[in-house]
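Heads up: the structure comes next, in structure tokens.
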Amino acid sequence: VQLVESGGGLVQTGGSLRLSCDVSALIYNVHAIGWFRQAPGKEREGIACLNGGDGIPYYADSVKGRFSITGDSAKNTVSLQMKDLKLEDTAVYYCAADWPANRCTSRRWVHSYIDYWGKGALVTVSA
């Protein structure tokens, strides 16, 4: 099982960036798939997810209205479009999966429940 992130990088405040996660076909439709992030010295935070790589998304309050998560079941990919980026969005962003597919809720999308992790992609927002 693999989750492989791409698209991280350096962006100025107010800018946009898109992250993508290639998800193993074995788990795509039967897991909740989404994103966490971890800033230096802070806990890993669940920010967005989809049930079964599709369905109604969940967003943490910290990113609601600025980030958008989408899934492509034909390609087994989940993407995170980030806009209006702020300095506090600087973090390593991790793609994650949790079984079963209906775990994409504010109560369940926490790091202690996650079954699979990607290696992470660094996003740096500069002033």
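Hydrogens, waters and symmetry mates play no part in the numbers below; they use all other heavy atoms, side chains included. By convention here, the first residue in the shown sequence is residue 1.
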Might you work through the side chain to side chain contact (heavy atoms under 4.5 Å, CB included) test for Asp98 and Arg108, ending with a clear yes or no?
CA-CA 9 Å; Asp98 184 24; Arg108 291 294 307 187; 4.3 Å; yes

Look only at the side chain of Tyr28 and the backbone of Ala74, and say whether a donor-acceptor pair between them is shorter than 3.5 Å.
no

Minimal heavy-atom distance between Tyr59 and Ser68, with the atoms involved, is OH-CA, 3.3 Å

Within the structure provided, determine whether Met82 and Tyr93 are in side-chain contact (heavy-atom separation under 4.5 Å).
yes

Below 4.0 angstrom, N of the basic side chain to O of the carboxylate: do Asp89 and Arg37 qualify?
yes

Is it true that His31 and Tyr116 have ring centroids separated by less than 6.0 Å?
yes

About how many Å separate CD of Glu88 and OG1 of Thr13, when rounded to the nearest 0.5 Å?
10.0 Å

Membership question, hydrophobic clusters at under 4.5 Å side-chain separation (ILVMFWY): are Val1 and Val78 in the same one?
yes

Can you confirm whether Val123 sits close enough to Leu19 that some side-chain heavy atom of one is under 4.5 Å from a side-chain heavy atom of the other?
yes

Taking everything shown except Leu26 itself, do over 12 heavy atoms lie less than 6.0 Å from its CG?
no

Taking Gln81's backbone N and O only, do any of them form a donor-acceptor pair with Arg18's side chain (distance below 3.5 Å, no angle check)?
no

Between Ile27 and Trp99, does the side chain to side chain contact (heavy atoms under 4.5 Å, CB included) criterion hold? Intermediate values first, please.
CA-CA 9 Å; Ile27 67 169; Trp99 183 86; over 6 Å; no

Calculate, to the nearest 0.5 Å, the distance between atoms SG and CG belonging to Cys49 and Leu80 respectively.
11.0 Å

Straight-line distance of Arg107 CZ to Tyr113 OH, nearest 0.5 Å
7.5 Å

How long is the straight-line distance from CD of Gln2 back to CG of Asn76, given to the nearest 0.5 Å?
12.5 Å

Do Thr124 and Thr90 pass the side-chain hydrogen bond (donor to acceptor under 3.5 Å, both in side chains) test, and can you show the C-alpha distance, the side-chain angles, and the key distance before you say yes or no?
CA-CA 5 Å; Thr124 304; Thr90 294; 5.4 Å; no

Smallest separation among heavy atoms of Ala60 and Gly46, with atom names:
CB-O, 3.5 Å

Distance-minimising heavy-atom pair for Ile114 and Ala97
CG2-O, 3.4 Å

Please test Trp35 against Glu5 for side chain to side chain contact (heavy atoms under 4.5 Å, CB included), starting from the C-alpha separation and ending with a verdict.
CA-CA 10 Å; Trp35 296 89; Glu5 302 97 340; 3.8 Å; yes

Atom of Phe36, atom of Ala96 and distance for their closest heavy-atom approach:
CD1-CB, 3.8 Å

How far does CD1 of Ile47 sit from CZ of Arg66, to the nearest 0.5 angstrom?
9.0 Å

Value for OG (Ser24) from CG (Leu3), rounded to nearest 0.5 Å, stands at 6.5 Å

Heavy-atom closest contact (Leu50 atom, Cys104 atom, distance):
N-SG, 3.5 Å

Dump the intermediate steps for side chain to side chain contact (heavy atoms under 4.5 Å, CB included) on Trp117 and Cys95, then the final yes or no.
CA-CA 6 Å; Trp117 293 99; Cys95 186; over 6 Å; no

Does any non-hydrogen side-chain atom of Arg44 lie less than 4.5 Å from one of Tyr94?
yes

Exercise: identify the closest heavy-atom pair between Ile69 and Ile33:
CD1-O, 4.1 Å

Do Phe67 and Val11 sit in one hydrophobic cluster, given that two such residues count as connected whenever their side-chain heavy atoms are within less than 4.5 Å of each other, even indirectly?
yes

When you compare the side chain of Ile56 with that of Asn51, does any pair of heavy atoms fall below 4.5 Å?
no

